[in-house]
Amino acid sequence: MTVVTRFAPSPTGFLHIGGARTALFNWLYARHHGGVFRLRIEDTDRQRSTKEAIEAIIDGLKWLGLDWDDETVFQFARAPRHAEVAMEMLKQGKAYYCYSTPEELDQMREAAKAAGKPMRYDGRWRDRDPKDAPTGVKPVVRLKAPTSGETVVHDKVQGEVRVANEQLDDMVLLRSDGTPTYMHSVVVDDHDMGITDVIRGDDHLTNTFRQLQIYQAMDWAPPSFAHIPLIHGPDGAKLSKRHGALGVEAYRDMGYLPEALRNYLLRLGWGHGDDEIISTEQAIQWFDLDAVGRGPSRFDFAKLDNLNGHYLRQTDDERLAQDVAQRLSVAGDTTIEHRLIAGMAGLKARAKTLKELAENARFYTLTRPLSPDDKACAQLTGGGSRVLKELRERLAAAPTWIAADLESEARAFAEAKGVKLGQVAQPLRAALSGATTSPPIFEVMQVLGREETLGRIDDAVGAGG
RNA sequence: GUCCCCAUCGUCUAGAGGCCCAGGACAUCACCCUUUCACGGUGAAGACACGGGUUCGAAUCCCGUUGGGGACGCCA
């Protein structure tokens, strides 16, 4: 049987990091088994669902490179079908109309709380004659759930989980306005869409019991389930905004590469021996549910940064330069763009994110004169300035303008002056980059070119006195 | 509160009874490389939550305790 998985987000916000991982696992599982990965937007909450959220989710999935098959299913559009199934259950005596008012339910809730028991609908309309129905009250449709025995889930990650049916009550299938509840629509949609494997967050594990009861009532074969643990914040508690509960677009803006985020998310809760850097091809080949861990894991930016740095260094210079030019608003300036491409080799070993890369690259994009920072200014006073003045003459006469030769010039100069190379290189760095740290300075000179280099030295020498 | 789930270095994890006085990665620290900062290299420190069993032998199996998480809606 062909594997069919799905990602079923509700469009009430961005595609957050936990959802992204759920989508990734579903996608990998389907691709690994040569199956189908589908997308269903659960937009039945008309109040909270927005068009913007739908777009954010779709953009996020595309950015992450998680492509889905077939058409996207919008759950709300299927409401008539959900109602139809509920009616069928009513006809077969598997469901019933319940006329209890919200007030009555509140009373039950409070009574249950006072008694230290969980809220359970007491089934007061379960076997009542429909003729008793009060007028003017629109009923909900409730499932006639089994009252004894137990319901068991054979979960691919959590193993066999069982619960006594007394713990469960008769849940609402259709609201009094005739719209389906989440529990009901999920089951009908998964069935109709031919989903074979439901892979979702751990928070749905207890929902599964109730959903299983609907499958049983309809005599449908349930899919197999896999509940993956949730992602927590660094403190072990629920992931907060501050700690990473952000939309994937926020990660893009912070300068993370989609391949790095994918690799990071994959390793969160799943492992393959000692492998850390895992390409998408390998992931598809290796991924399976049996290696998914059962405990929740904590989100760690430091590890994401490290992974991102790794992928950054693998990425070709043009792509990086283009992103940097965009971030620094200099895209289209070909001189600058060429400089960025030429300087990228030295730049990319020094950054963890594209954002950091852009900040480090800024000095390449500046127009003279630069405004050196405090530490750089300190390099440009007194001795530093004198060294630069003399070095400038020698550089102006340099026969070539390539890094290795420029370094030889500087070394010869330092030796002649009886100073360490650092005493030459640091003022030079301050003059050319406006800072005390930069890519290798002779590489910077080559990238900047003779004219710009000499000009920046002149600016610095003049300003430094 | 009730039900359900989980538990190896600070973090992510390897480990499916002897290969483990527990391996890798990130982070930390030291050293090397070096014109700065990185990258890279070498090394150090660092964990089986606790208590009982089972077994010749347990990180691995069972029970309990503790700790964490999740679910208890006419939200999804």
Side-chain angles (χ1 to χ4, degrees), chain A residues 8-12 42-45 47-49 75 98 100 102 105 109 112-121 138-142 153 155 157-159 161-164 166-169 171-177 179-183 185-186 201-210 227 229-230 232 234 236-238 264 267-277 290 293-307 309 313 346-352 360 379 407 410-411 414 420-426 428-430 433 435-442:
Chain A
S10 62
T12 54
E42 308 215 318
D43 55 350
T44 51
D45 185 337
Q47 298 296 314
R48 299 195 296 146
S49 298
Q75 192 163 59
C98 163
S100 292
L105 260 17
R109 215 183 313 274
K113 199 172 177 180
K117 294 194 161 186
M119 160 59 182
R120 235 82 299 177
Y121 169 68
K138 288 202 167 184
V140 299
V141 174
R142 282 185 188 271
V153 180
D155 195 278
V157 170
Q158 306 294 343
V161 186
R162 46 183 70 222
V163 75
E166 297 96 78
Q167 296 294 330
L168 277 13
D169 62 359
M171 73 181 132
V172 174
L173 265 17
L174 247 39
R175 301 184 187 103
S176 51
D177 65 0
T179 60
T181 58
Y182 160 79
M183 287 290 181
S185 27
V186 164
D202 218 357
D203 49 342
H204 288 288
L205 183 57
T206 48
N207 288 336
T208 309
F209 299 119
R210 318 184 89 105
H227 288 91
L230 267 17
H232 289 167
K238 211 174 195 148
Y264 177 72
R267 285 285 291 102
L268 210 52
W270 178 85
H272 184 267
D274 286 341
D275 297 303
E276 295 290 344
I277 306 289
D290 52 15
R294 268 151 299 170
S297 39
R298 303 180 183 200
F299 193 85
D300 180 16
F301 270 109
K303 187 141 184 174
L304 209 209
D305 281 351
N306 175 272
L307 228 29
R313 275 169 254 132
L347 249 15
K348 69 182 177 185
R350 293 168 170 71
K352 302 280 193 208
N360 293 347
Q379 286 290 334
E407 180 168 351
R411 282 187 188 280
K420 287 190 160 184
L421 184 58
Q423 289 175 271
V424 176
Q426 280 306 93
L428 201 48
R429 190 185 315 283
S433 73
T436 48
T437 66
S438 80
I441 199 60
F442 305 109

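Every heavy atom of this structure was used, including side-chain atoms; hydrogens, water molecules and symmetry mates were not. Residue numbering restarts at 1 for every chain, and letters A, B, ... go by the order of the sequence lines. Computed from a prediction, not measured in an experiment: that's the story for all the values here.
Across all strands shown, B:C31 pairs with B:G41; the Watson-Crick or G-U wobble distances both stay below 3.5 Å.
Donor-acceptor pairing under 3.5 Å, judged by distance alone, is present between the side chain of A:K303 and the base of B:A25.
Here the P atom of nucleotide B:U2 and the CD atom of A:Q167 are 11 Å apart, to the nearest Å. When the P atom of B:U2 is taken as reference, atom CD of A:E166 falls 16 Å away, rounded to whole Å. What separates CG of A:L307 from P of B:U11 is a distance of 19 Å, to the nearest Å. When the C1' atom of B:C6 is taken as reference, atom CG of A:D155 falls 13 Å away, rounded to whole Å.
Across all strands, A:T44 comes closer than 4.0 Å only to sugar-phosphate atoms, never to a base (heavy-atom distances). Nucleic acid contact class of A:E276 (heavy atoms, under 4.0 Å, all strands): base. Using a 4.0 Å heavy-atom cutoff across all strands shown, A:G269 reaches sugar-phosphate atoms only and no base atom.
The minimum heavy-atom distance linking A:D155 with A:Q158 is given by the pair OD1-N, 2.8 Å. Listed here is the closest heavy atom pair of A:R298 and A:P234: NH1-O, 3.1 Å. Of all heavy-atom pairs between A:R350 and A:N360, the closest is O-ND2, 3.3 Å.
Separation of the C1' atoms belonging to B:A25 and B:C21 is 23 Å when rounded to the nearest angstrom.
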Check: Quick one: what's the B/S/- string for nucleotides 30-45 of chain B, heavy-atom cutoff under 4.0 Å, read 5' to 3'?
Finding: -----BBBBSS-----
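In this structure, the nucleotide among B:A76, B:C12, B:C4 sitting nearest to the side chain of A:V163 is B:C4. Of the candidates B:A76, B:G24, B:U11, B:U11 carries the atom nearest the A:D300 side chain, counting heavy atoms from C-beta on.
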Look for any protein N or O under 3.5 Å of an N or O in nucleotides 67-74 of chain B and output each such pair with its distance, or none.
| residue | atom | partner | partner atom | Å |
| --- | --- | --- | --- | --- |
| B:A71 | O4' | A:T206 | OG1 | 3.1 |
| B:A71 | O2' | A:T206 | OG1 | 2.9 |
| B:C72 | O2' | A:R120 | NH2 | 2.7 |
| B:G73 | OP2 | A:R109 | NH1 | 3.4 |
| B:C74 | O2 | A:S176 | N | 3.1 |
| B:C74 | O2 | A:S176 | OG | 3.1 |
| B:C74 | N3 | A:S176 | OG | 3.2 |
| B:C74 | N4 | A:S100 | O | 3.3 |

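Nearest-nucleotide assignment on RNA chain B puts the 5′-proximal partner with A:L268, out of A:M183 and A:L268.
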